Amino acid sequence: MVSKIKRLPTLAKVALLLLVLLLLLAAILLLIFLVPRRRTAPLPPPAAPPGPADNCSSDRAVAFDFSPFLVQYRGGCVHRMDGTARVPAGVDAATGVTSKDVVINHVTGLGARMYLPPKLAAGGKKEKEKDLPVVVFFHGGAFVIMTPFEPKYHDYLNALVARARVVAVSVDYRLAPEHPLPAAYDDSWAALNWAARNADAGPEPWLRDRGNLSRLFLAGDSAGANIAHNMAMRAGSGSGLEGGAAILGVLLLDPYFWGKRPVGAETRDPATRRRYEETWSFVCGGRYGIDDPLINPLAAPASALRRLACARVAVTTSGLDNFEARGEAYAAALNGSGWRGEVVRYETAGERHVYFLDQPASPKSARELAFAAAYLSRE
């Protein structure tokens, strides 16, 4: 057969080759159209770029610009520029501290991240049951950003808990402007009472079995320091904490306090002062003026400051912080009010507001962490 094909004229060979190719093509087409095919779902569209368009209406006109924290648009959308990252709880490899997340109120969504230090190695001081101080911590972020799950705060709490050897409750309070003040204060008060209740009788085992309620501390930075102060004031102005628990000490890290008139070396710049008034009005929905004692403790009479319900207060300030002068004035006012507790001051020159969160490895941050840990672990 092969020998016969070879003897065909060239034109006949080409015709035969084309016929074979046409037959092959016909067979392929039959397979494509007659054999059943498995249908697959289409690929999802590419993700939209991050930004205000993710959850905003078409009205993107700016209602309030709180940069570098957030922008609120007229349509109601809030675009947060910082503080939205989240790290899971677990065992921290660097410190051995264990953390877990708890829900305090299912209705409001109030929760917290708890921290427990590792057991001491052999040869170290043996801790008794219920020997750890209890620290209720309130994060900063101008009342509008950040959570306990944000990496900077998670790392700071791991380091503080390891060094101070405390059991800590870092409160996830609701943020403005979706939940203007006093939501953060109310959530913090509920969380504080929850911690006191559990350290007394459970059922939360870390507090019930390890926490010493006679060594209860409040701590926070910036807006969180503001919250800590106001929680101690609330404890002294009403019926106190549940079960009669007492606050031993309060640690205020670069506290966020302000007022209408400058104090000390505080800035006199009208634009800066006006901006702080506007942002305070934003976070509280206009409910409280800039000289309300919630934001300006110096506006409270001495008799009110004397009701601060704790035995000692530590106030840290940073030299390049706009809030430094008012933090110093707060400590002086507390000392001069007739309040019978102890006021401790810690100053860091040449650093900005809450620098220790952004520069945790710096020598100054290490020294301030050592001060905070010693204050919380002191008998």
Side-chain angles (χ1 to χ4, degrees), residues 91-99 113-121 123-127 131-140 146 148 150-170 210-212 215-222 224-225 228-229 232 247-256 310-321 323-324 327-328 330-331 334 341-379:
V91 179
D92 181 55
T95 62
V97 170
T98 303
S99 58
R113 176 161 289 184
M114 297 185 63
Y115 295 83
L116 190 69
K119 290 188 178 297
L120 289 173
K125 173 187 172 184
K126 183 173 177 56
E127 288 173 337
D131 197 39
L132 299 180
V134 175
V135 177
V136 181
F137 186 89
F138 309 102
H139 67 81
M146 298 293 172
E150 201 276 337
K152 286 188 290 191
Y153 280 102
H154 182 66
D155 291 346
Y156 182 78
L157 265 294
N158 278 322
L160 182 64
V161 167
R163 182 110 184 204
R165 297 203 62 77
V166 298
V167 53
V169 179
S170 185
R210 303 295 304 280
N212 184 343
R215 302 171 71 192
L216 174 63
F217 288 88
L218 310 183
D221 72 291
S222 190
H229 160 78
I247 301 166
L248 176 58
V250 176
L251 173 62
L252 308 181
L253 304 167
D254 289 3
Y256 166 38
C310 58
R312 60 183 193 249
V313 171
V315 183
T316 78
T317 54
S318 301
L320 302 180
D321 184 2
F323 303 126
E324 180 193 29
E328 293 174 347
Y330 166 82
L334 195 56
E342 173 194 50
V343 180
V344 179
R345 287 277 291 109
Y346 184 93
E347 302 177 47
T348 302
E351 293 294 348
R352 298 189 180 278
H353 189 60
V354 296
Y355 71 96
F356 46 85
L357 292 175
D358 297 316
Q359 309 166 44
S362 77
K364 290 180 181 179
S365 297
R367 287 194 292 270
E368 182 152 343
L369 178 69
F371 165 79
Y375 181 78
L376 296 174
S377 59
R378 196 181 99 198
E379 294 287 351

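Predicted, not measured: the structure shown is a model, and the values here were computed from it.
- Using a 4.5 Å heavy-atom cutoff, the side chains of Leu160 and Leu376 are in contact.
- Note: Glu324 CD to Ser318 OG = 7.5 Å, rounded to the nearest 0.5 Å.
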Leu248/Leu216 under side-chain contact (heavy atoms from CB on, under 4.5 Å): CA gap, chis, key distance, verdict | CA-CA 5 Å; Leu248 176 58; Leu216 174 63; 5.5 Å; no
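- Using cut-offs of 30° and 60° for the angle between ring planes, the Tyr156 and Phe137 rings count as tilted.
- You'll find the side chain of Leu132 reaches within 4.5 Å of the side chain of Leu116, heavy atoms only.
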For Tyr355 and Leu320, run side-chain contact (heavy atoms from CB on, under 4.5 Å): C-alpha distance rounded to whole Å, both residues' side-chain angles, the deciding distance at 0.1 Å, then the answer.
-> CA-CA 10 Å; Tyr355 71 96; Leu320 302 180; over 6 Å; no
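- Looking only at side-chain heavy atoms (C-beta outward), Leu253 and Glu368 come within less than 4.5 Å of each other.
- Here the closest non-hydrogen pair linking Val315 and Ala331 is CG2-CB, 4.3 Å.
- Considering CG of Leu357 and NE2 of His139, their distance stands at 11.5 Å, rounded to 0.5 Å.
- Inter-residue side-chain proximity for Pro118 and Val97 is flagged as met; some heavy-atom pair is nearer than 4.5 Å.
- Considering every non-hydrogen atom in both Arg165 and Pro117, the closest pair reads NH1-CB, 3.8 Å.
- Residues Val134 and Val167 have side chains in contact (heavy-atom distance under 4.5 Å, counting atoms from C-beta outward).
- For the pair His154 and Tyr115, the minimum side-chain heavy-atom distance is below 4.5 Å.
- No side-chain donor-acceptor contact under 3.5 Å links Arg163 and Ser377.
- Geometrically, Arg367 does not engage Tyr346 in a cation-pi contact defined by less than 6.0 Å to the ring centre and at most 45° from the axis.
- For the residue pair Val250 and Ala228, the shortest heavy atom distance occurs at CG1-CB, 4.1 Å.
- The main-chain N or O of Gly341 is never found under 3.5 Å from a side-chain atom of Arg312 such that the two would form a donor-acceptor pair.
- In this structure the side chain of Asp221 never reaches within 4.5 angstrom of the side chain of Asp254, judged on heavy atoms.
- Taking the six-membered ring for Trp and the full ring otherwise, the centers of His229 and Tyr256 sit at least 6.0 Å from each other.
- For the pair Tyr330/Leu252, a side-chain contact is recorded, criterion being any heavy-atom separation below 4.5 Å from C-beta on.
- To the nearest 0.5 Å, the span separating CZ on Phe371 from OG1 on Thr348 amounts to 9.5 Å.
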For the pair Asp321 and Val354, evaluate side-chain contact (heavy atoms from CB on, under 4.5 Å) and give the outcome as yes or no after the intermediate values.
-> CA-CA 8 Å; Asp321 184 2; Val354 296; over 6 Å; no
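- When only modelled atom types and interatomic distance are considered, Tyr153 and Ser170 share no side-chain donor-acceptor pair under 3.5 Å.
- Not a single donor-acceptor pair under 3.5 Å links the side chain of Lys152 to the backbone N or O of Pro360.
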